[in-house]
Protein chains: 2
Amino acid sequence: MKKALAFTSHDHKRCRRATLATVEKICAERNIRLTPVRRNTLEILLETHTALGAYELLEKLSQSGFCDKPPVVYRALGFLMEQGFVHKLERHNAFVACSEPKKCKNPCFLICRACSRVAEQTMPAAHTELVSAANQAGFITQNSVIELSGLCAQCPSDS
Amino acid sequence: MKKALAFTSHDHKRCRRATLATVEKICAERNIRLTPVRRNTLEILLETHTALGAYELLEKLSQSGFCDKPPVVYRALGFLMEQGFVHKLERHNAFVACSEPKKCKNPCFLICRACSRVAEQTMPAAHTELVSAANQAGFITQNSVIELSGLCAQCPSDS
DNA sequence: GGCAACTATGTTATATTGTAACATAACGAA
DNA sequence: TTCGTTATGTTACAATATAACATAGTTGCC
């Protein structure tokens, strides 16, 4: 498993642009509309590899001239989540841009308590292990929430 | 992995009593107090292998004569969670009694969409796999939220 | 272009979930 | 028994999320 992108220094402007381009391509393919609010919401989330609360997002959106009412942001988030462009961290009631739209499958989230950065990792082996263990207990898994909290490599272990 | 208790028919009265007895024993050992609200909260959650929202719980508590105010239930839940007697399902903002207080470690939750029952399983192999995969990505896991949604063995797969 | 159907956004209001802060009461050790 | 600690009652409010309906924009069809 290579180091998580979110936790390593990288050309983030490029990273953002690339993700946005992928999303645009997918929207074209699916014949769905990345309208201004939706696009702006995604762009805000793409600014950093951290998660934002809906109301933080809403404030930033209103600074960009959009209507400052909860349904605005929740609708945009609804769309983006439905399409898999954004994920919700259930533990934190916060939203994070998908770092690999298109490839993203059964994502696990690694959430650094010190720097708040969130890495999205697909861990196929672990996921399979989990699902098959559940299956042996007589359970058919349809959906998984996997959120690990801890410390990323860049944060000192006493923080 | 044997079938999850919550999903199989069993002597539930006995199951409840046993869990409560274990909790009482642990409280004695730890020298902490299972006061009436706390005990009642736990008993309500032990009635079924399902999760309840804080306000549902609060209503039941008030039916038992406790003060009908949010802090009452949140404080009881806070205590019970701190001690590991109750867990929160983050995905559902709901609370479920721990089915194996004492043995409980890194629990995963299997949540049936059809019947709402919740099984708590420790899946050591899967958990280790997950933590070590995260570790290879440069991440030190301190805490995990693992919640699988799907169908239990007793519920028809078209439900 | 004009119209109908559909999709998206604006807006008001309210539901749901969770805490802060301080007053009162119960408990437990000296 | 009295003092410090722990727990509960109570008021008020913060944070998160949705319902419902009005308005506007977009698309396809004629």
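Numbered from 1 within each chain, the chains take letters A, B, ... in sequence-line order. Predicted, not measured: the structure shown is a model, and the values here were computed from it.
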Judged by each residue's nearest nucleotide on DNA chain C, which is more toward the 5′ side, A/Val72 or B/His92?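 The residue mapped nearer the 5' terminus is A/Val72.
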5'-most by nearest nucleotide on DNA chain C - A/Val37 or B/Pro71: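 Result: A/Val37.
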Can you tell me the distance, in whole Å, between the [atom1] atom of [X] and the [atom2] atom of [N]?
X	N	atom1	atom2	answer
B/Ile32	C/dG28	CD1	P	14 Å
B/Arg39	D/dT8	CZ	C1'	18 Å
A/Tyr74	D/dA20	OH	P	18 Å
B/Leu77	C/dT19	CG	C1'	14 Å
A/Leu52	D/dA15	CG	C1'	15 Å
B/Lys69	C/dG18	NZ	P	19 Å
A/Phe66	C/dT9	CZ	P	9 Å
B/Leu61	D/dA7	CG	C1'	15 Å

Which nucleotide in the set [options] lies at the smallest distance from any side-chain heavy atom of [X]?
X	options	result
A/Arg38	D/dA7, C/dA8, D/dA17	C/dA8
A/Asn93	C/dT17, D/dT16, D/dT8	D/dT16
A/Thr35	D/dT8, C/dT19, C/dA8	C/dA8

For A/Phe139 and B/Phe7, take the angle between the two ring planes, folded into 0 to 90°, and tell me which bin it lands in: parallel under 30, tilted 30 to 60, perpendicular over 60.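 Correct class here is parallel.
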B/Arg75 near the nucleic acid: base, sugar-phosphate alone, or nothing, with a heavy-atom cut-off under 4.0 Å?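 Contact class for B/Arg75: base.
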For a quick check of understanding: with a heavy-atom distance under 4.0 Å over all strands, which category does B/Phe79 fall into, base, sugar-phosphate or nothing?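 Contact class for B/Phe79: none.
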Can you confirm whether the side chains of A/Asn143 and B/Arg91 place a donor and an acceptor under 3.5 Å from each other?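 Yes.
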Using heavy atoms to find the nearest nucleotide of DNA chain D for B/Pro36 and B/Pro70 separately, return the residue whose nucleotide is more 5′.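 Of the two residues, B/Pro36 wins.
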Does one hydrophobic cluster hold both A/Leu130 and B/Leu110, with members joined at side-chain heavy-atom distances below 4.5 Å?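 A/Leu130 and B/Leu110: one cluster.
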Is A/Val23 linked to A/Leu61 within one hydrophobic cluster, defined over Ile, Leu, Val, Met, Phe, Trp and Tyr using a side-chain heavy-atom separation of less than 4.5 Å?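 Hydrophobic grouping puts A/Val23 with A/Leu61.
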Between B/Lys60 and B/Glu56, does any NZ, NE, NH1 or NH2 come within less than 4.0 Å of an OD or OE carboxylate oxygen?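 No, this pair does not count.
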May A/Tyr55 be described as stacking on the base of D/dT16, applying a 5.5 Å centroid limit and a 30° limit on plane angle?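 Stacked: ring centres under 5.5 Å, planes under 30°.
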